[in-house]
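Only heavy atoms go into these numbers, but all of them, side chains included; no hydrogens, no water, no symmetry mates. Within every chain, numbering begins at 1; the chains are lettered A, B, ... in the order of the sequence lines, protein sequences first and strands thereafter.
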There are 2 protein chains.
Amino acid sequence: MNSIICTVDVVLLTLKNSALHVVLLKRDREPFAGELALPGGFIHADEDQDAGDAARRMLLAKAGITSPYLEQLETFTGAKRDPRGWSASIVYYALVPEEVIVQAAHPDVHLVQVDSLSNMPFDHLHIINTAVSRVRNKSTYSSLPVYLVGEKFTLPQLQKVYEAVMGEPINKVSFRRKMDALGMIELTDEYETGKPNRPGQFCRVKEEFRGALSTMGRAFNAG
Amino acid sequence: MNSIICTVDVVLLTLKNSALHVVLLKRDREPFAGELALPGGFIHADEDQDAGDAARRMLLAKAGITSPYLEQLETFTGAKRDPRGWSASIVYYALVPEEVIVQAAHPDVHLVQVDSLSNMPFDHLHIINTAVSRVRNKSTYSSLPVYLVGEKFTLPQLQKVYEAVMGEPINKVSFRRKMDALGMIELTDEYETGKPNRPGQFCRVKEEFRGALSTMGRAFNAG
DNA sequence: ACAATAGTGTCTCTTAGACAATATCGA
DNA sequence: TCGATATTGTCTAAGAGACACTATTGT
């Protein structure tokens, strides 16, 4: 009566060389054995309390990563997306700084630039594109991109992250005003060093905003 | 290996007496037989091409309704939300004018005001609240509420719909400017009649925007 | 001192809300 | 004509982008 194949997949995104990259793993079983695909797998009804737990478990088991930001993207369903039959994939997406992936140093992890993808197994290309669209859109009016930088960062660094994600420049003054208005960032007393110019002042996300998102009433415009 | 119960539920919303209502049906089988719950059921792998098809099929079979706007809300999962075991419900939401429900005249349909709900089966209360939040939020920056009115409507009528959905007044001039800027509404040459005041001019959604959403760069403020 | 980038002050322009004038209906 | 509501014009205020000025570093 209910022969639906029900899985969970995770789109783990990061910023590398100012470009969005996605974590892919080489599949170790059929179908599509040997091909690069999203981390994912079956729900373990005995150990996962819900699908979010399953996503966290897969992220940790398959990439050695724990992400403070993990959100459900959408569920992709259909009779034809999986050669084994009618399937539903509950997809989550997560954002982490590149160093988190580097430090995990998981041997199976491949970082691939999101706009150089083609020929993915299943509908994973469509899934990744959907996730990237969501992230880009959400970045225009929220603090989402702060999950792509480490604990300490300067405002110009953060602005470059926003610009890399959204793919367009942002007005510097507006950016600082918006970040200030969000009220989630505080200055530290540390400064950049080593560069032949005025050093930036390091900031961090306020304690009470860790793991949360702030949204602004209006999106960024061009800069 | 995969004993997940996988279902589809639909939150069908409408506006009645200027308040959001949801369509509920009396369950005809266990669990929770006899209680009011969201229309839903199992995916039919043989007739549904994807979960959206399943949602449309259920809406038609159980409420006699075809909704031009139907969107995936979220998938609700967990070991405890269904007494039968670990389950995943792919939830869609839809918006239709009240007359569509009235004309369908389906005997099982119950229209219940969304903020008078309590004691729903499963996590249906949580699902409905999530859907209502989504609709309210989306209404602040998009044309979503036009799906709650019929084909012909005046701008003051539409404004009242927006205000009913969002629960707060909107500035009249701003509202008209925004609607004009969306460019999806056109005036007809018909006018209201029968009221002891200047009649409103009827509008309709332009042909090319039927079934689509328009979004504005910035949300409504208070009015 | 110079080049380069960080951080700030301020002007202008857009746009939203307030307010009010005008328009049109039935009684 | 009056009361009620639709529609439009315009003023004001808030906020965003442009621009340029000041600040601070290494060379």
Between dG17(C), dG9(C), dC25(C), which one does the side chain of Arg177(B) approach most closely?
dG17(C)
Measure distances between side-chain N and O atoms of Lys172(A) and base N and O atoms of dG7(C), and say whether any donor-acceptor pair falls under 3.5 Å.
yes
Nearest 0.5 Å, what's the CD-CD1 distance between Gln49(A) and Ile43(A)?
12.0 Å
Any Arg176(B) side-chain N or O less than 4.0 Å from OP1/OP2 of dT7(D)
yes
Would you mind telling me which of dG17(C), dT24(C), dA18(D) lies closest to the side-chain atoms of Asn171(A)?
dA18(D)
The side chain of Ser174(B) lies closest to which of these nucleotides: dT25(D), dT8(C), dG17(C)?
dG17(C)
Given dA6(D), dG26(C), dG9(C), which nucleotide is nearest the side-chain atoms of Pro196(B)?
dG26(C)
Separation of atom CZ in Phe202(A) from atom C1' in dT24(D), rounded to whole Å
15 Å
Taking dA18(D), dA6(C), dG7(C) as options, the one with an atom nearest any side-chain atom of Glu192(A) is dA6(C)
Tell me: NZ of Lys195(B) to P of dT7(D), nearest whole Å?
10 Å
Ring center gap for Tyr162(B) and Phe175(B) short of 6.0 angstrom:
yes
Between dT5(C) (P) and Leu155(A) (CG): distance, integer Å:
17 Å
Please report, rounded to the nearest Å, how far the C1' atom of dT7(D) is from the CD atom of Gln201(B).
10 Å
Once you round it to whole Å, what is the distance between P of dT5(C) and CD of Glu163(A)?
14 Å
For the side chain of Ser174(A) and the backbone of Asn171(A), is there at least one donor-acceptor N/O pair under 3.5 Å apart?
no
Check every atom of dA16(C), dC19(C), dT25(D) against the side chain of Asn197(A) and return the nucleotide holding the closest atom.
dT25(D)
Where the side chain of Val173(B) is concerned, which of dC19(C), dA6(C), dT10(C) is the nearest nucleotide?
dC19(C)
Would you find more than 12 non-hydrogen atoms of other residues, nucleotides or ligands less than 6.0 Å from Lys26(A) atom NZ?
no
Decide yes or no for Tyr92(B) and Val8(B): does some side-chain heavy atom of the first lie under 4.5 Å from some side-chain heavy atom of the second?
yes
Quick one: does Arg198(A) reach the base of dG26(D) with a side-chain donor-acceptor pair under 3.5 Å?
no
How close or far is atom C1' of dA16(D) from atom CG of Asp180(A), stated in whole angstroms?
15 Å
Rounding to an integer number of Å, can you tell me how far Glu190(B) CD sits from dC25(C) P?
15 Å
Rounded distance (Å) that lies between atom P of dG26(C) and atom OH of Tyr191(B)
14 Å
